[in-house]
Amino acid sequence: MSPNETLNEDRLTRLEELTFFQEERLKSLDAALTAQQRQIDKLEKDFADASSVIRLLREKLGDQPENTLPPHSMPERW
């Protein structure tokens, strides 16, 4: 085997190793990105649910007369 062939084989082996490790990194990054997207989706759903509850509470509070006393301030009835 000539020195040039050995050099080419070494280069090819090194390129194959680099490709393998890059593929492993890509798989790892893809898994992390997928997990983060699931987390973002859950947070967006939780936020939408909380916003709906707040909207409903505001609507209920808006239906009350403005001069209504809170329950703890109401005079006692004997």
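In this chain, residues are counted from 1 in sequence order.
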Step through the shown structure and confirm whether more than 12 heavy atoms of other residues, nucleotides or ligands are within 6.0 Å of CD on Glu17. yes
Does Glu24 offer a backbone N or O that forms a donor-acceptor pair with the side chain of Ser28 under 3.5 Å? no
Stepwise, does the side chain to side chain contact (heavy atoms under 4.5 Å, CB included) test hold for Arg38 with Lys42? CA-CA 6 Å; Arg38 273 194 301 269; Lys42 183 186 179 313; over 6 Å; no
Value rounded to 0.5 Å, distance of [atom1] in [X] from [atom2] in [Y]:
X	Y	atom1	atom2	value
Gln22	Leu15	CD	CG	9.5 Å
Arg14	Thr19	CZ	OG1	10.0 Å
Glu23	Leu18	CD	CG	11.5 Å
Leu56	Leu61	CG	CG	11.0 Å
Leu7	Leu12	CG	CG	11.5 Å

Between Asp49 and Lys45, does at least one N-O distance fall below 4.0 Å, as a salt bridge requires? yes
Side chain to side chain donor-acceptor pair (under 3.5 Å) partners for [X], two or more places apart:
X	value
Lys60	none
Asn4	none
Lys27	none

Do Glu44 and Asp41 make a side-chain contact, defined as non-hydrogen atoms from C-beta onward lying under 4.5 Å apart? yes
Do the side chains of Asp30 and Leu26 get nearer than 4.5 Å, heavy atoms only? no
